[in-house]
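A quick write-up on the structure given underneath.
Throughout, protein chains are lettered first and strands after them, A, B, ... in sequence-line order, and every chain is numbered starting at 1.
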Number of protein chains: 2
Amino acid sequence: MSVTIYDVAKKAGVSIATVSRVLNKSSAVSDRTRRQVEEAIKELNYAPNFIASALTKKSTLTLGLLIPDITNPFFSELARGVEDASNDFGFNIIICNTDYSLEKEATYISLLKQKSVDGFIISTAYYNDKNIIELLKDNVPLVLLGRDIDCSEEYPMDAVVSDNIKGGYIATKHLIDLGHEKIACLLGPAKIKVNLEREKGYLKAMKEAKLKVYKEILTHGDFKLEFGYKEALRIFKGSIRPTAFVTGNDLTALGVMRALKTIGLSVPRDVSVVGYDNIILAEMSDPPLTTVNQQMQKMGYLATELLIKRIKGERNAGKKVVLDINLVVRKSTSKVPSTN
Amino acid sequence: MSVTIYDVAKKAGVSIATVSRVLNKSSAVSDRTRRQVEEAIKELNYAPNFIASALTKKSTLTLGLLIPDITNPFFSELARGVEDASNDFGFNIIICNTDYSLEKEATYISLLKQKSVDGFIISTAYYNDKNIIELLKDNVPLVLLGRDIDCSEEYPMDAVVSDNIKGGYIATKHLIDLGHEKIACLLGPAKIKVNLEREKGYLKAMKEAKLKVYKEILTHGDFKLEFGYKEALRIFKGSIRPTAFVTGNDLTALGVMRALKTIGLSVPRDVSVVGYDNIILAEMSDPPLTTVNQQMQKMGYLATELLIKRIKGERNAGKKVVLDINLVVRKSTSKVPSTN
DNA sequence: TTGAAAGCGCTAACAG
DNA sequence: CTGTTAGCGCTTTCAA
């Protein structure tokens with residue numbers, strides 16, 4: 001029905017092989033025939049069918065992006081970086097929301113393999129994610145984005161992350177410098193490596209300052225607002241009353257602030273709160289959130305660039321890129337209230 | 001390299017046609033051979049190559065989604081609905097960010113056509129979008145999402161939108177009921193039909209209440225926070241001082257609120273603000289935003305369902321779905337301040 | 001520099 | 001119910 005390489009060949013009076021050559025610049029074609037072919041292409045408004053070429057070339061110029069949930073601003077920022085890079089390098093991305101489910105992740109992976117994507121960008125990995133290991137075994141090009149897993153020794157792997165230990169550290173240190181001593185720490189799932197690293201940073205800062213760590217106020221949950229909300233309420237019913245919170249992401253921090261408001265505490269006068277990520281919400285909340293800034297779009301872009309180079313055979317796997325992070329101080333943190 | 005239908009056929013001792021038959025349940029196969037084939041498939045861990053089947057079946061089970069920017073929460077909500085429906089019906093989506101550029105839109109469209117997507121879901125359309133008309137002419141399955149264009153007479157087209165006239169109306173009416181008379185209206189681009197419709201709703205409410213419409217405070221810009229910010233500042237430098245704002249989306253409303261804060265006005269005590277969309281930001285802002293609630297994920301889901309039915313030939317084009325909307329009253333609106 | 005022809009992995013008549 | 005075979009549209013040897 002639509003115009004094919006045969007139509008072009010006929011019109012240009014050459015063979016389809018020649019048309020293919022000018023299309024792919026794969027081998028020399030005389031100027032004259034090239035021009036003929038190009039003209040035919042233009043006249044017929046011909047565009048090669050990628051499916052057909054994918055079948056022989058084994059390249060679809062399509063990447064799979066696995067994220068938990070695109071409506072989470074952290075992931076939509078990552079996705080934007082990924083899509084921008086894809087576009088810049090002539091690729092497209094298929095987006096998949098896994099909702100933190102390993103089964104969904106596995107299902108998507110096998111589907112995308114059937115669709116012959118050239119590689120995967122994965123932001124859903126648990127620290128020991130079986131699906132990833134499987135992919136690695138099969139030598140499928142992939143890069144982890146904002147996540148890392150524990151197996152780098154066995155298989156070389158690419159990952160683009162930010163410095164989460166530092167992130168946990170500077171968030172905590174900031175509060176310590178403001179005089180806080182009882183600092184609660186509400187992190188995301190312990191199954192996700194970044195949270196373990198942020199916890200390390202938190203512990204490091206606490207230890208350096210010789211502050212006591214209370215396990216009642218150091219917990220792992222998820223990345224949702226409700227977690228921060230409920231956990232803060234729970235904590236304030238207990239005996240350890242923190243004057244500050246370090247959190248796993250901005251949504252959790254917003255949840256904490258909401259809980260605080262509920263029980264009549266003011267941020268930052270009574271309690272200080274530090275977020276993580278610096279999503280757009282962070283600067284619009286009341287009060288605007290002091291938070292650890294991750295360069296999300298940049299991470300997405302770099303990860304995709306790495307992957308594409310890997311696919312093109314321009315490099316081997318095994319590179320870990322750690323982006324720097326920094327603290328953005330806004331209005332949700334202040335000096336510890338005097339307890340006289 | 002990987003296992004093909006030939007390997008399965010050989011192992012099961014049948015022809016590839018038979019394997020294909022059990023794969024696609026396309027015609028009857030005896031129970032016995034079916035079982036043999038299924039066993040071979042399992043043993044070889046075979047998964048059909050979608051690229052190959054796409055070449056013959058002319059179906060990729062892949063949809064193209066065109067949105068301006070996935071980091072905009074409105075579009076990420078739509079995208080989530082689209083992806084959920086796609087997944088439920090066995091499709092995948094390729095996401096493209098057009099940044100409101102018709103050129104980018106056109107480039108993506110032709111690329112995706114080459115990749116043989118089965119259809120398009122488009123949230124980027126201007127009211128007279130040439131790219132869309134082109135697609136329509138070529139009889140490419142597509143559905144407009146949250147957008148509409150002016151050509152329904154020539155070509156039948158599907159669209160899922162919400163009732164924007166009503167949206168503009170109830171937002172304005174709410175303010176009028178609170179006693180406001182000078183109501184500013186800051187809408188998105190006039191090139192996008194929804195904004196014209198919301199304007200209609202605004203004008204209708206104003207007219208009903210016999211209120212004067214000042215063109216100085218009824219403007220079109222874009223959907224960004226900066227627009228609301230700058231426009232609000234501009235307006236308060238002028239002679240018409242509104243006591244309330246109706247806006248084109250929540251981001252614009254947040255921009256307005258920020259501007260108001262800058263010039264020392266309090267929301268809602270001095271000025272009331274109504275947003276549009278009800279993105280997650282709306283309930284987290286200070287004060288929480290009264291806004292027109294659109295069912296974004298539902299819109300995305302329905303649009304995708306429509307498209308897939310169209311692709312499967314279960315229905316013809318030409319359906320317009322208009323979802324209802326409602327006003328969510330929060331804390332950014334209150335009675336007009338007395339002017340004594 | 002060019003063309004003929006053999007696939008890529010699968011589907012879909014057509015025959016039997 | 002099953003096998004043979006001719007493509008789908010393109011790339012890529014291999015010869016010429």
Please give, in whole Å, the distance from dC10(D) C1' to Asp7(A) CG?
13 Å
Would you indicate, yes or no, if dG9(C) has its OP1 or OP2 atom less than 4.0 angstrom from a side-chain nitrogen or oxygen of Thr4(B)?
no
How many Å lie between CZ on Phe50(A) and C1' on dC10(D), as a whole number?
12 Å
To the nearest angstrom, the NZ-C1' distance between Lys10(A) and dG3(C) comes to 16 Å
What donor-acceptor contacts under 3.5 angstrom involve side-chain atoms of residues 111-119 of chain B, with partners at least two apart or in another chain?
| residue | atom | partner | partner atom | Å |
| --- | --- | --- | --- | --- |
| Lys113(B) | NZ | Asp138(B) | OD2 | 3.0 |
| Gln114(B) | NE2 | Pro48(A) | O | 2.8 |
| Lys115(B) | NZ | Thr60(A) | O | 3.4 |
| Lys115(B) | NZ | Leu61(A) | O | 2.6 |
| Lys115(B) | NZ | Thr62(A) | OG1 | 3.1 |
| Lys115(B) | NZ | Asn92(A) | OD1 | 2.9 |
| Asp118(B) | OD1 | Thr60(B) | N | 3.0 |
| Asp118(B) | OD1 | Thr60(B) | OG1 | 3.3 |
| Asp118(B) | OD2 | Ser59(B) | OG | 3.4 |
| Asp118(B) | OD2 | Thr60(B) | N | 3.3 |
| Asp118(B) | OD2 | Leu61(B) | N | 2.7 |

Counting only N and O atoms by type, is there a donor-acceptor contact under 3.5 Å from the side chain of Asp7(B) to the main-chain atoms of Thr4(B)?
yes
Every protein N/O lying under 3.5 Å from an N/O of nucleotides 11-14 of chain D:
| residue | atom | partner | partner atom | Å |
| --- | --- | --- | --- | --- |
| dT11(D) | OP1 | Asn24(A) | OD1 | 3.2 |
| dT11(D) | OP1 | Asn24(A) | ND2 | 3.0 |
| dT11(D) | OP2 | Ser20(A) | OG | 2.7 |
| dT11(D) | OP2 | Asn24(A) | ND2 | 3.3 |
| dT11(D) | O4' | Thr56(A) | OG1 | 3.1 |

Counting C-beta onward and ignoring hydrogens, is there a side-chain heavy-atom pair between Asp150(A) and Asn128(A) closer than 4.5 Å?
no
Contacts of type salt bridge (charged side-chain N to carboxylate O under 4.0 Å, His left out), residue Glu43(B), not counting sequence neighbours
Lys11(B)
Indicate yes or no: at least one non-hydrogen side-chain atom of Tyr127(A) is less than 4.5 angstrom from one of Asp148(A).
no
Tell me: CD of Gln114(B) to P of dG9(D), nearest whole Å?
14 Å
Atom-to-atom span, CG of Leu55(B) to C1' of dC8(C) - whole angstrom:
9 Å
Are the side chain of Asn131(A) and the backbone N or O of Leu102(A) linked by a donor-acceptor pair below 3.5 Å?
yes
Atom CG of Asn49(B) and atom C1' of dC8(D): how far apart are they, to the nearest Å?
13 Å
Is Ser30(B) close enough to dT2(D) that one of its side-chain N or O atoms is under 4.0 Å from OP1 or OP2 there?
yes
For the helix from dT1(C)-dA16(D) to dG16(C)-dC1(D), measure the angle between the helix axis at one end and the axis at the other, each built from five pairs, rounding to 10°.
40°
Tell me: NZ of Lys58(B) to P of dT11(C), nearest whole Å?
13 Å
Donor-acceptor under 3.5 Å (Thr18(A) side chain, Val14(A) main chain)
no
Send over the distance from Ile51(A) CD1 to dT11(C) C1', rounded to a whole Å.
15 Å
Only pairs at least two apart or in different chains count here, so list each side chain to side chain donor-acceptor pair (under 3.5 Å) that has a residue in residues 64-78 of chain A.
Asp69(A)-Thr71(A), Asp69(A)-Arg80(B), Glu77(A)-Gln297(A)
Listed by chain and number, what are the salt bridge (charged side-chain N to carboxylate O under 4.0 Å, His left out) partners of Asp158(B), not counting sequence neighbours?
Arg315(B)
How do Ala47(B) and Val29(A) order along DNA chain C: which one's closest nucleotide is nearer the 5' end?
Val29(A)
State whether Ser27(B) places a side-chain N or O below 4.0 Å from either non-bridging phosphate oxygen (OP1 or OP2) of dC1(D).
no
